[in-house]
Each structure stands twice: as C-alpha cells, then as structure tokens.
There are 2 protein chains.
Amino acid sequence: MLVLLAKASTPQKRRYHHGDLERTLVATALDVIHAEGVEALTLRRVGAMAGVSRTALYRHFDDKAALVARIASDGFRLLRETLVRVRANASPDAGDTLEVLAAAHVHFARANPSHYATMFGSALDRRKHPDLARQADAACGEVVGAIRDAQRRGALGSGDPELIAEVMWALTFGIARLGSSSQLPRTALPAEALAVQGVRWVSDGCQMGV
Amino acid sequence: MLVLLAKASTPQKRRYHHGDLERTLVATALDVIHAEGVEALTLRRVGAMAGVSRTALYRHFDDKAALVARIASDGFRLLRETLVRVRANASPDAGDTLEVLAAAHVHFARANPSHYATMFGSALDRRKHPDLARQADAACGEVVGAIRDAQRRGALGSGDPELIAEVMWALTFGIARLGSSSQLPRTALPAEALAVQGVRWVSDGCQMGV
DNA sequence: ACCTGAACACCGTTCAAGT
DNA sequence: ACCTGAACACCGTTCAAGT
C-alpha cells in the first residue's frame, strides 16, 4: 500500500521499470560518441553509464547496429529540419538560397559532430534500416526542392535538378566530412565559406553551361 | 649440415623466420577488408590467414592502427601515381585535364575499394601517422599542380589554386565515397560522369566568377 | 513486460619464454 | 632477430532466471 503510493506520487530514483530507458540509452550513446567517437561506442559502457545491465538494451533495440541506425536517422531528421528552416526563412526572391543551405549543412556537421559522424562515418547498410534511408533521402530532397525553386525563379540554369542536387550534396558532404577531421589540405577559408564558394561556382557553371 | 643445406637451397614452406611477413600481413589484411570491410579487420584473423601467431604482427607494426595507416598510406601513393599518369598522358593543350583527373579518382575508388575505404573510412589521426599525412597531401597536390597548369594556359580563371583544388577534391571525394556505398540519392549517371560534370561546372563557374 | 547474470565466442595487447 | 602461448581486460549476443 505504502509502496504503491510512493511509486505513484514521487518518481522513484532507481525503479525497476525504467520507463524512458530507450531515450536514455540514445542520449548516453551520443555522450560516448561525443567523448570518444563512433568507433569507441560500446553497449557495455552505455549500459553502465545508464545505470542498467549491459543487456537491458536488447529490450529496446534489435542489436548494436539498430542503436547506431537510430542515432543516424535522428541526425538526418535534425539536418532536414535545419534545411527546412533555412528555406522558410530565405526571402522568396533571394538568389543565394542554395549557398545558405550548403553553409547550414556544414555548420550542422560542426555543431553536431556525434550525429554527423554516425550519419556518414558508420558503415550501415541502409537496406537493413529503412527509416534511416527514408530520413537521408528526405534531407537531400530539401536541396532538390530548393533547386527547383531557384530554376522556377530563373536564378539557376535548367539542368536536371536531381543531378545538380547530387553534385551540390556530394560537394557539401565532402567539405563537411573532410573539414571535421581536418583532412582538407589547407584551411585558408573556414569550411562554411568554402562550401558557399563551391556551390556558387557550381550554380554559375551550371547556368552558363548547356 | 643437411638441414642447413636444405635451408639454403630450397625456400622452406613454413620456416620460422618468415622473411617477407610484413608484406604478407599487408596483403592478407587487404583480403580481409575486401571480403568484409575495414570494420571487420582483425589481427587474429590476419595472423591465422597468414599462417602465423596472432601476435607475430607486433614485430612489424606498432599496433593495429599502424597496419591500417600503412594500407591507407599505400592507397594514397597508388592514387597519386594514377593522377600523375593522367597528367603525363594529357595532351599539353587539353582543356579537360581536371575533369579526367576527377574521373580517374572516382574510378580508382571503384577499382580499389579496400584501399579507398581505409584511406577515408577509418578514423586515423594523421598527426600520429606522418607518412599517411604526407602521401595524402601529395595526392591532393597533383590536383593543385594541374590547376596551376590550366591557369597558365588560360584554360581556367585566376582564383587561388589551392582553394579551387579543395573544392574539386571535396567534390570528387564526396561522389566517390557516397557512390561506393550507394548513398547517392539517385544514380542517373555513373559516378565518374557525375564527377566530370561537377568539375566542369566548378571550372566554368570559377572562370566567369570573380 | 522489463531487466539481470552467467555463459559463449570473440577482440587488442603485453610479456615471458622458446628457437 | 623473430615468433609463440598464456594471460589480461575487454567486446556483442544469447538465454534461462528473476521481479
């Protein structure tokens, strides 16, 4: 009786049925990745840090890959939300939306290194994680949409929007990824500015070509 | 006496002092990466496949990271050799050397997936592996050189060659890396053609801009 | 329904010992 | 000089058992 009341009124500090253990595990995993990288992620450490047995995780995720895929999928969702926000805030006749999108992408990678490393650094088979594939496609789809908008306004040449998007996506990803592990030969410019410059060149070249 | 003669005349099949074990270990590691990816690389398996104890490797490499760094470094050396060959064969007044270089880079990634995955997929700290850093810079340096050549011939705008090289390198890397794990949203074009198109746009945009 | 603990088959690395 | 074998401190995952 007393026990039941206690359970109902005040949340127990270490109750058996953890409740939101799933969210806790994801947050803890992000902490580990932030501190030591995706490669150092360990279910045993996640369990220990979450104050739970090392096998409790298997109640909420199929296996380690599923946990990693969830984090990657969350990352693409966050990136897409960022890109959506940029498109919404861009003035409707601005010619540089694509450049701002690229800068936002690179900035996202810098601001969320754990998510970004998991999104692109882990060798996940997307066929086995359909939600991850869906979120990744949706994020890239924002660039395709922005390109169609720009073409409609005549701010961009009339090439295949998906082709242009692939090039800009690969360029932006390349800068974000190489930059975040300081693999860019020289960093004369900050990565964001480099991405803006690159996307501008692609836009211009794509406007005169064909 | 007889034993010594045998050792001297015919190479023993399983002699104690292996001799070229170092090369054998590298080749075996490449086989494992080719079959199951960098993440599945295991010193124990390399040892077993090379017919040697699992700790024999420590006579030739500081640790596992040193073995991986050696493979990555070899990869950058091979890539540079490819790029050097392309530049040497390009007719001196050709305007498309940069596009051919990009295509060659993407083709190299496809033809040498084990090396490429190790070069860019493993989280190696280049400060701890100076030879790797040197080879990587040298490979990228070929692009800088080709850009200077193109500018000298007036086939390219007069922007900072290192800046242009960074953009082209990131673009080519992005296409090669995303393409090899089929993370490019659509593959309307083969990755080589996509890289050629992207580099052409950058060249053209960089010629009109500024 | 949710979690634990022991068990299994793996890891990288160290080190004394063998040849 | 080069390699082995046992040992150590780790892994992911399974499964019977507890609450």
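Below, all heavy atoms of this structure are taken into account, side chains as well, without hydrogens, waters or symmetry copies. Each chain gets a letter, A, B and so on, in the order the sequences are listed, and its residues count up from 1.
Looking at which nucleotide of DNA chain C each of B:D62 and A:A56 is closest to, the 5′-most match is held by A:A56.
Distance B:L25 CG to C:dG12 P: 13 Å, rounded to the nearest Å. One interatomic measurement links the two molecules: CG of B:L67 to P of C:dG12, which rounds to 10 Å at whole-angstrom precision. Here D:dA1 presents its C1' atom at 16 Å from CG of B:L57, a figure rounded to the nearest Å. Rounded to whole Å, the distance from CZ on A:R54 to P on D:dG12 is 10 Å. For the pair A:R59 CZ and C:dG5 P, the computed distance is 15 Å after rounding to whole Å. One interatomic measurement links the two molecules: CG of A:L21 to P of C:dA1, which rounds to 17 Å at whole-angstrom precision. Spacing between atom CD of B:E22 and atom P of D:dC3 amounts to 10 Å, rounded to whole angstrom units. As a whole-Å value, the separation of A:F61 CZ from C:dC3 P is 12 Å.
Distance from the side chain of A:Y58 is smallest to D:dG12 among C:dT14, D:dC3, D:dG12. Comparing C:dG12, C:dC3, D:dG12 against the side chain of A:K64 picks out D:dG12 as the nearest. Nearest to the side-chain atoms of A:S53 among the listed nucleotides C:dT4, D:dG12, D:dC3 stands C:dT4.
Taking the side chain as every heavy atom from C-beta outward, A:H129 and A:S73 never approach each other to under 4.5 Å. When side chains are defined from C-beta on, B:L124 counts as touching B:L132, because their heavy atoms get closer than 4.5 Å. By the 4.5 Å heavy-atom criterion applied to side chains, B:M168 and B:E99 are not counted as neighbours.
DNA chain C contains the following stems of three or more consecutive Watson-Crick or G-U pairs, with both distances under 3.5 Å: C:4-8 with D:12-16, C:12-16 with D:4-8.
Regarding contacts with the backbone of C:dC2, every side-chain N or O of A:H60 stays at 4.0 angstrom or more from both OP1 and OP2.
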Side-chain donor/acceptor pairs under 3.5 Å, residues 30-41 of chain A, sequence neighbours excluded:
from, atom 1, to, atom 2, distance (Å)
A:E36, OE1, A:R45, NH1, 3.4
A:E36, OE2, A:R45, NH1, 2.7
A:E36, OE2, A:R45, NH2, 3.2

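The CD1 atom of A:I175 lies 9.5 Å from the CG atom of A:L189; values are rounded to the nearest 0.5 Å. Rounding to the nearest 0.5 Å gives a distance of 13.0 Å between CZ of B:R59 and CG of B:L25.
Within residues 37-46 of chain B, the residues having any heavy atom under 4.0 Å from DNA chain C are, by residue number, B:L41, B:T42, B:L43, B:R44.
A donor and an acceptor atom never sit less than 3.5 Å apart when one is taken from the side chain of B:T55 and the other from the base of C:dG12.
Ring pair A:F173/A:F120 is tilted by interplanar angle, where 30° to 60° counts as tilted.
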- Message: Run the side chain to side chain contact (heavy atoms under 4.5 Å, CB included) test on A:D137 and A:F76 for me, step by step, so that the C-alpha distance in whole Å, both residues' side-chain angles and the decisive distance to 0.1 Å come before the verdict.
- Response: CA-CA 9 Å; A:D137 286 348; A:F76 278 111; over 6 Å; no
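The side chain to side chain donor-acceptor pair (under 3.5 Å) test with B:E192 is passed by exactly one of B:H105, B:R110, B:H107: B:R110.
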